[in-house]
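Right, one structure below, let's go through it.
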Amino acid sequence: SAPTDLPSLSPQTAAPVSQTPTNLALTGLASANTECLNQWARKAIDGIATGGNRYEGCNTPGSFIMVDLGKDTLNHIDTVIIKNRCDCCGGRLKLFHVEVLDADKNVVWSQYHGGTVGNCVVKTFQVNGGEGAVGRWVRLRYDDSYTSILHIAELEAWGYRFSVPS
């Protein structure tokens, strides 16, 4: 759920652009440490969570996918939603961290999910218990102790965008 008040940002720091929560990932730039079988990272932020449209990473230790919500922007991120693939193998998605990072890629919020996420399951993570966090990047990464193919249908980052004056 969206907060009733926006984070306090001074006019010298940033100015609110919209008070309507949106999926900021749709206009972001996705990247990952691996991409396999022509299942590119950008497929995880295209708004299509059906069929075989998905991101798929190779079977690599420390697999992750992340979205850059925009250079020279501040984003108040309330909710991160992970939509797992529906066609098969949903149980591979487990033992992962969902993170919000600042412009320097320092983690400002993180939540660990130790269980398995099945086929077609949608997991919702309330950032800071619904209070949100300000960041530029949203990342899903496997725990260092787990190696498997990372694949998801969608990575969504819901919140408010702020522009930074030049």
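Both backbone and side-chain heavy atoms feed into the values below; hydrogens, waters and symmetry mates do not.
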Would you call [X] and [Y] a side-chain contact if the rule is heavy atoms closer than 4.5 Å?
X	Y	result
Thr124	Thr79	yes
Val67	Trp137	no
Ile45	Leu29	no
Val138	Leu69	yes
Asn33	Ser63	yes
Trp158	Asp78	no
Leu24	Tyr160	no

| Residue list, salt bridge (Lys or Arg N to Asp or Glu O under 4.0 Å) with Glu99, at least two apart or on another chain | Arg139, Arg141

| message | Restricting to disulfide (SG to SG under 2.5 Å), what partner residues turn up for Cys89, sequence neighbours left out? | response | none

| message | With salt bridge (Lys or Arg N to Asp or Glu O under 4.0 Å) as the rule and sequence neighbours excluded, what pairs involving residues 111-127 come up? | response | none

| query | With sequence neighbours excluded, what pairs up with Asp46 under the side-chain contact (heavy atoms from CB on, under 4.5 Å) test? | reply | Lys43, Ile48, Asn53, Glu154

| note | Those residues at least two apart in sequence (or on a different chain) that pass side-chain contact (heavy atoms from CB on, under 4.5 Å) with Arg136 are Asp68, Lys71, Ala103

| task | Assess the side chains of Arg161 and Thr27: does a donor N or O sit below 3.5 Å from an acceptor N or O? | result | yes

| Side chains of Gln111 and Trp109: donor-acceptor distance under 3.5 Å anywhere? | no

| NZ on Lys83 to CG on Leu93, rounded to 0.5 Å | 14.5 Å

| request: Would you confirm whether Asn23, through its side chain, and Glu156, through its main-chain N or O, come within 3.5 Å as a donor-acceptor pair? | output: no

List, one per line, each side-chain donor-acceptor pair under 3.5 Å for residues 142-153, sequence neighbours excluded.
unit_1, atom_1, unit_2, atom_2, d
Tyr142, OH, Arg92, O, 2.8
Tyr142, OH, Ile149, O, 2.9
Asp143, OD1, His97, NE2, 2.9
Asp143, OD2, Ser145, N, 3.1
Asp143, OD2, Ser145, OG, 2.6
Tyr146, OH, Arg92, O, 2.8
Tyr146, OH, Ser148, OG, 3.4
His151, NE2, Arg85, NH1, 3.4
His151, NE2, Arg92, NH1, 3.3

